Trainee: 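Take a look at this one; I'll ask things after.
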2 protein chains.
Amino acid sequence: MTRTVLESKTKTVVIGFDEPFCVIGERINPTGRKKLAAELEAGNFSTVEKDALEQVACGAMVLDVNAGVVYNSNPNPNETEPPLMTKMIEIVQGLVDVPLCIDSSVPGALEAGLAAAQGRPLLNSVTGEEDRLELVLPLVKKYNVPVVAISNDDTGISEDPDVRFEVAKKIVQRAADFGIPAHDIVVDPLVMPVGAMATAGRQVFALVQRLREELGVNTTCGASNISFGLPNRHGINAAFLPMAIGAGMTSAIMNPVRQVEMEAIRAANFLMNHDANGGEWIRFAKVLEAVEGGMSFAEASAAQSQAASGRRGGRRARG
Amino acid sequence: MTRTVLESKTKTVVIGFDEPFCVIGERINPTGRKKLAAELEAGNFSTVEKDALEQVACGAMVLDVNAGVVYNSNPNPNETEPPLMTKMIEIVQGLVDVPLCIDSSVPGALEAGLAAAQGRPLLNSVTGEEDRLELVLPLVKKYNVPVVAISNDDTGISEDPDVRFEVAKKIVQRAADFGIPAHDIVVDPLVMPVGAMATAGRQVFALVQRLREELGVNTTCGASNISFGLPNRHGINAAFLPMAIGAGMTSAIMNPVRQVEMEAIRAANFLMNHDANGGEWIRFAKVLEAVEGGMSFAEASAAQSQAASGRRGGRRARG
C-alpha cells in the first residue's frame, strides 16, 4: 500500500490508504491575511505562534508554512521570502512537534525551508509546468522529501479531468526519471467550485479513485474551494470531505480550527475503520460537549489535548 | 439506468442512480413510541397528521406508514393492523400528496395498505426468508408495485457482507420468477452499528456498489443504525449519508425532521450533480438562516415550503 512518510523532530505521520485522513493545517500563510502580512514585516510572530498551537490542538497532523508576504519595504520575494521562511519554521518547530509542509512558489524559499525543517517535511509544490519540474524535482531528490504535485501545466488548469489526470501522470513519470518514487508524490487533482461547475464533486471523486488505482499515489486538495461562492459553505465542505475520503482521498490542506469540517473528518475516519474502537470519536465528542457548554472549538480542543497529554504523562510516570 | 417509479395521487417520485437521494420519512410508526401507540388505539390521529405534514415540509419525498401497534384490548395484529393501516393511509393521503411506503410484517396489513394507497406505493418489505418470499412476492406482482428487500434469510442476519449480497441476489432471482423486474426491488443491505462492528461502514459502501453494479438494483437503509450506541450520533449519520450516497446508495428510511442529516443529504445531492444550479441548496440555506434566527427546523422548513408553493402558485397564475 502507498505510504508517504513525513517526520518532525520526533514524530512520524504517514499519509496512506490505510491511515486516518491527514489534516494539513493551512493557517500559517499571509496570502489574503493583511494583518498577518503586516505583523510578519514588523517581525511580530505572535499570530504564527497562536496559529501553530491552535491548529495542532484542533487536530492538524501537519502544518503548512507559507512565507509569501510582499513587504512594502522590499517587493522582491526572492530576497525576502527565504529568510522569513527560515524564521517561521524555527518558531513553529520551537512550539509544536509535527511535520511541516513547506509552501512557496519561490525556489529559494523552498530550499531555505528544507534546510531549516527537522525530520522529513512535505514540499509544496511542483506543477506540470516545465520550469517548475526542472526547479523543484532536483530539490525533492536532493533532500529526499515527498512533494505535493498540482495537476496544472503550462496550458493552465484544464476543466477536463482526463487532462488533469494526464498532467499528474506526467509529473509522476518525470519524478521517476529523477529517482523519486510514486509514494513520495501527493497529487492535488484540483477542486473546482461546485457552484460554478456542476460536475466538480463527481470529477474529484472519480479522479481520486483513478489516481489511486492507476498511479498508486496519495492525494490532497484545497478542500474549501468546492464551496466557493455558496451560502452555508461549511455544510458543503462537511459533505465533500467524507465523500472524498470514501473515494480514496488521503489528505487535505485546510483550516482545522473549524468544528464542522473536523467533525466530518473524524466521523469519516471512524466509518473507514481508521479509528480503532472509536477512541478518537469519543474524545472528539467530549470536545463538542465543551463547545456546547460555551467554549470555542479551539479552546475546547486545547483543553482536551492538554488533559490527554496529562493522562499520557501520568501513565508514563506510573509505568 | 435503474429507475424505481413511485406514485401518489398526482406525483411521481423516481428512486434512481441519476436522481436526488430519496428520503423516506420513518416517523409514522408506533414501534417504540408508546404515546403514539396509545393515541392510535384511542382513535386519535393528531400525531400522525403532524408527522405527515412536518416530514414532507422537511424534505421527505415518500412517507413510510406502519400500523404495527399492539392494542391492549386485542393483542392479535392480524385483526387490528389491517383496518388501522387503511385508516392511517386515508388520513395521510388526505393531507399530503407524496407516495407512500406500506410497512408491515402482517400480510393482511400489507394487502389492506395496497388496496387503500393511491398511485404506486412502495411495499416494505420482503426478506430472503422462505415464508416471506411466498407471501409477499405474489402481492408485489398482483399490485405491480416495487418492494424493499431486506438481506436476511431463515438463517438470520449474517455479519458477512458476501452472504448478505447472496441473500439479495436470491430475492432478485425469486422476484424474477414471479415476473417482477430488478428495477422494482430496492435492496436494504442492512447497516450494522459501527460502534459494535468496526467494518460496518466499509461493508455498506462496498455492498451498495456491488448491488448496483452486479444486480442493477436501487438501495435503501435504516441509516441511523450506523451510529447506534455512540455519542454525538448526528455527526456519524451526517458523514455516513454522503459517503453512502457517493458509493451509490439511492434512498434511506430515516427521520427527515433532523437538520444535520438533511443538510448532509442536500449537500451530497449538490456534489453528485443532482441539484441543478444548487437551487435546492440555496433554498435550504434560507431554512438554516431561519433556524439561526430562532425557529425550529420543522417550523423553518414549513415556512419555506409554504413560501415556495405560494411563489409557484403565483407563477402558474401569471403563466
Side-chain angles (χ1 to χ4, degrees), chain A residues 191 193-206 208-209 226-227 229-248 259-278 281-289 291-292, chain B residues 191 193-206 208-209 226-227 229-248 259-278 281-289 291-292:
Chain A
V191 173
V194 70
M197 186 193 288
T199 56
R202 296 190 84 135
Q203 271 195 4
V204 172
F205 308 145
V208 163
Q209 212 164 356
I226 192 74
S227 60
L230 292 170
N232 189 30
R233 291 187 64 172
H234 295 306
I236 297 282
N237 298 346
F240 173 74
L241 284 161
M243 292 172 91
I245 291 169
Q259 175 187 322
V260 179
E261 283 87 341
M262 290 304 285
E263 183 175 359
I265 288 171
R266 302 236 182 230
N269 280 340
F270 196 1
L271 293 165
M272 292 296 280
N273 194 13
H274 294 155
D275 178 6
N277 304 310
W281 180 256
I282 289 163
R283 273 189 285 282
F284 189 75
K286 285 179 188 155
V287 172
L288 297 185
E289 267 177 39
V291 169
E292 276 178 24
Chain B
V191 173
V194 71
M197 187 194 285
T199 55
R202 296 190 83 136
Q203 271 194 5
V204 172
F205 308 144
V208 163
Q209 211 164 355
I226 193 74
S227 60
L230 291 170
N232 190 30
R233 291 186 65 172
H234 294 307
I236 298 282
N237 299 345
F240 174 75
L241 284 161
M243 292 173 91
I245 291 169
Q259 174 186 322
V260 179
E261 283 87 340
M262 290 305 285
E263 182 175 359
I265 288 171
R266 301 236 183 233
N269 281 339
F270 195 3
L271 292 165
M272 292 295 282
N273 195 13
H274 294 155
D275 178 5
N277 303 314
W281 180 257
I282 289 162
R283 272 189 286 282
F284 188 75
K286 287 181 186 152
V287 171
L288 297 186
E289 266 176 40
V291 170
E292 275 177 27

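Computed from a predicted model, the values in this text were never measured in an experiment. By convention in this document, chain letters (A, B, ...) are assigned in the order of the sequence lines, proteins followed by strands, and residues within each chain are numbered from 1.
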Trainee: Tell me which of these, B:Ala198, B:Ala238, B:Ala244, B:Ala264, has more heavy-atom pairs under 4.5 Å with chain A than the rest.
Mentor: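 Most heavy-atom pairs under 4.5 Å with chain A: B:Ala198.
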Trainee: Has A:Trp281 got a side-chain atom pairing as donor or acceptor with A:Glu263's backbone, closer than 3.5 angstrom?
Mentor: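 Not a single qualifying donor-acceptor pair exists.
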Trainee: Does either side chain, that of B:Ser227 or that of B:Asn237, offer a donor lying less than 3.5 Å from an acceptor on the other one?
Mentor: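 Per modelled atom types, B:Ser227 and B:Asn237 side chains form a pair under 3.5 Å.
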Trainee: Contact part of A:Glu292 toward chain B, heavy-atom cut-off under 4.5 Å: side chain, backbone, both or neither?
Mentor: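 For A:Glu292, there is no contact with chain B at all, as no heavy atom is under 4.5 Å.
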Trainee: So which residue, B:Ala285, B:Pro231, B:Gly201, ends up with the most heavy-atom pairs under 4.5 Å with chain A?
Mentor: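 Heavy-atom pairs under 4.5 Å are most numerous for B:Pro231.
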Trainee: Give, as side chain, backbone, both or neither, the part of A:Phe270 having an atom under 4.5 angstrom from any heavy atom of chain B.
Mentor: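 Interface part for A:Phe270: both.
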Trainee: Select one option (side chain, backbone, both, neither) describing which atoms of A:Ala200 are under 4.5 Å from chain B's heavy atoms.
Mentor: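 Looking at A:Ala200, nothing touches chain B.
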Trainee: Do you know which of B:Ala196, B:Gly246, B:Ala239 has the most heavy-atom pairs with chain A at a distance under 4.5 angstrom?
Mentor: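 That would be B:Ala239.
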Trainee: side-chain contact (heavy atoms from CB on, under 4.5 Å) between A:Arg266 and A:Glu261: does it pass, once the steps are laid out?
Mentor: CA-CA 9 Å; A:Arg266 302 236 182 230; A:Glu261 283 87 341; over 6 Å; no
Trainee: Looking at residues at least two apart in the chain, or sitting in another chain, which of them share a side-chain contact (heavy atoms from CB on, under 4.5 Å) with B:Ala268?
Mentor: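 Applying side-chain contact (heavy atoms from CB on, under 4.5 Å) to B:Ala268 gives A:Met243, B:Pro242, B:Ile245.
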Trainee: One pair to check against side-chain contact (heavy atoms from CB on, under 4.5 Å): B:Met197 and B:Gln203. What are the steps and the verdict?
Mentor: CA-CA 10 Å; B:Met197 187 194 285; B:Gln203 271 194 5; 3.6 Å; yes
Trainee: I'd like to verify something: which residue of B:Gly235, B:Gly278, B:Gly195 has the highest number of heavy-atom pairs under 4.5 Å with chain A?
Mentor: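 Ranked by contacts with chain A, first place is B:Gly235.
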Trainee: Do B:Val194 and B:Phe240 come within less than 4.5 Å of each other through their side chains, counting heavy atoms only?
Mentor: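 Answer no - side chains too far apart.
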Trainee: Sort A:Ile265 into side chain, backbone, both or neither according to what part of it lies under 4.5 angstrom from a heavy atom of chain B.
Mentor: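 Nothing of A:Ile265, per the 4.5 Å heavy-atom cut-off to chain B.
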Trainee: Heavy-atom cut-off 4.5 Å, strictly under: side chain, backbone, both or neither for A:Leu230 against chain B?
Mentor: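 The answer is the side chain of A:Leu230.
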Trainee: What closest approach, in Å, do A:Ile236 and B:Leu271 show between heavy atoms, and which atom pair accounts for it?
Mentor: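 In terms of heavy atoms, the two residues are closest at O-CD1, 3.9 Å.
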Trainee: Taking side chain as everything from C-beta outward and backbone as N, CA, C, O, which of these in A:Leu288 sits under 4.5 Å from a heavy atom of chain B? Side chain, backbone, both or neither.
Mentor: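 Interface part for A:Leu288: side chain.
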